[in-house]
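This report concerns only the one structure given below.
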Amino acid sequence: MTDLAAAHVLVLGATGGLGGAIARRLVASGARVSLSGRDETRLQALADELGAAVVTTAVADLTRPDGPASVVRVAADAAPLTGVVNAAGVVAFGAVEDLDDDTLDEVLLLDLVAPIRLARAALGVIPEGGFLAQVSAVVAEKAMPGMAAYSAAKAGLTAFDAALATELRRRRIRVLDVRPPHTETGLATRPVAGEAPRLPQGRDPESVAERVVRALADDERDLPSAAFTA
Ligand SMILES: NC(=O)c1ccc[n+]([C@@H]2O[C@H](COP(=O)([O-])OP(=O)(O)OC[C@H]3O[C@@H](n4cnc5c(N)ncnc54)[C@H](OP(=O)(O)O)[C@@H]3O)[C@@H](O)[C@H]2O)c1
């Protein structure tokens, strides 16, 4: 078991639907959190809401090469970290023949390259017994037409997490790859390109966040999409 009441957890993508819900759930479990997002106003609003449980905040664009490492540095300098949860991400829709370079760059940079850079930076500060949780997606298990770049980025992230988890086993640092099904955060309504197809009703962000935080507390090692169906 991980004692979240004694933990300091850095949450990236805290301004988002899932990241915000995870941050609130961590605080409700007694954890202290450091929060990162791109939008300074919404980040400060969440920090004000969570009050004294917030160690520090860091505004960053994670597509920049130094973005992930700068966020880790700010949080770790403020207080020793127990773990990191990365819930930043974007989605793009459309046929591959319509996929332009800017869209491809943004999806791959934020959904695949940034989490790898984040892991590299976080390994230096996560202690034995600590964790790195990366929010991938169900499309890593079943690629979706009309979401090829997003599917490829998430499948790449899930593969990276599996390899890293094995590398870190001896150091007793847990890598938790989280692959939620469609969730009603509004992500699909603000794609970086294209338009979402008609989607079935998604999961409630609160229940997804509850499942993620329970997995962190219970030292689970994988969170496939099937873990969210119960
Ligand atoms: N919602 C779903 O159906 C679903 C399903 C499976 C997996 N996921 C994954 O869950 C994660 C969270 O998604 P969500 O549903 O919570 O979406 P969301 O509400 O749109 O949140 C996305 C988060 O990513 C941040 N972000 C976007 N571009 C960024 C950049 N360049 N630099 C730094 N941060 C950036 C946003 O920051 P700002 O708002 O501050 O710009 C926000 O905090 C994503 O990785 C997504 O792929 C979502």
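Start at 1 and go down the list; that is how both ligands and their atoms are numbered.
Close N/O approach between V90 and ligand 1 is not found [any backbone or side-chain N/O within under 3.5 Å].
Below 4.0 Å from some heavy atom of G13 lie the following atoms of ligand 1, by number and element: 43 (O). Below 4.0 Å from some heavy atom of D61 lie the following atoms of ligand 1, by number and element: 30 (C), 31 (N), 32 (N). For ligand 1 and H182, the ligand atoms under 4.0 Å from any heavy atom of the residue are 3 (O). Listed by number with element, the atoms of ligand 1 under 4.0 angstrom from any heavy atom of S136 are 7 (C), 8 (N), 9 (C). Below 4.0 Å from some heavy atom of V135 lie the following atoms of ligand 1, by number and element: 9 (C), 10 (O), 11 (C), 45 (O). Using a 4.0 Å cut-off to heavy atoms of T15, the atoms of ligand 1 that qualify are 36 (C), 37 (O), 38 (P), 39 (O), 40 (O), 42 (C), 43 (O).
Scanning the protein heavy atoms around atom 32 (N) of ligand 1, the nearest turns out to be L62 N, 2.9 Å.
Using a 4.5 Å heavy-atom cutoff, the side chains of L110 and V107 are not in contact. Looking only at side-chain heavy atoms (C-beta outward), V84 and L12 come within less than 4.5 Å of each other. The shortest side-chain heavy-atom distance between I126 and F131 does not fall under the 4.5 Å cut-off. With contacts defined as side-chain heavy-atom distances shorter than 4.5 Å, the pair T2/L216 does not qualify. With contacts defined as side-chain heavy-atom distances shorter than 4.5 Å, the pair L176/Q134 does not qualify.
For T63, the closest heavy-atom approach to ligand 1 falls below 4.0 Å. Not close to ligand 1: A21, with no non-hydrogen atom less than 4.0 angstrom away. For the ligand labelled ligand 1, residue P205 lies outside the 4.0 Å heavy-atom shell. Using a 4.0 Å heavy-atom cutoff, G202 is absent from the residues neighbouring ligand 1. The shortest heavy-atom distance from L110 to ligand 1 is under 4.0 Å. Residue G186 places every heavy atom at 4.0 Å or more from ligand 1.
Closest heavy-atom approach to atom 3 (O) of ligand 1 within the set T183, L18, N86, V178: this belongs to T183. With atom 44 (C) of ligand 1 as the reference point, the heavy atom nearest to it among G89, A188, A209 is part of G89. With R42, Q134, K154 as candidates, the residue nearest to atom 45 (O) of ligand 1 on a non-hydrogen basis is K154. With distances taken over non-hydrogen atoms, the option nearest atom 30 (C) of ligand 1 out of R203, R38, R64 is R38. Taking all heavy atoms of G19, A87, G67 into account, the minimum distance to atom 23 (C) of ligand 1 is reached by A87.
The environment of E49 atom CD is dense: over 12 non-hydrogen atoms of other residues, nucleotides or ligands sit within 6.0 angstrom.
By the criterion of side-chain heavy atoms lying less than 4.5 angstrom apart, applied directly or through intervening Ile, Leu, Val, Met, Phe, Trp or Tyr residues, L18 is grouped together with V212 in one hydrophobic cluster. Connection of L157 to I173 is established within a shared hydrophobic cluster, with ILVMFWY side chains joined at heavy-atom distances below 4.5 Å, either directly or through further cluster members.
Here the options are R174, R170, R172, the test is salt bridge (charged side-chain N to carboxylate O under 4.0 Å, His left out), and the partner is E128; only R172 passes.
Between R179 and E141 there is a salt bridge, since a side-chain N of the basic residue sits under 4.0 Å from a carboxylate O of the acidic one.
Only side-chain heavy atoms of R190 come within less than 4.0 Å of ligand 1; its backbone N, CA, C and O stay farther off. Only the backbone of A60 comes within 4.0 Å of ligand 1, judged by heavy-atom distances.
The distance from the CD1 atom of I22 to the CD atom of E210 is 11.5 Å, given to the nearest 0.5 Å. Put simply, OG1 on T82 and NE2 on H8 are 7.5 Å apart, with the number rounded to the nearest 0.5 Å.
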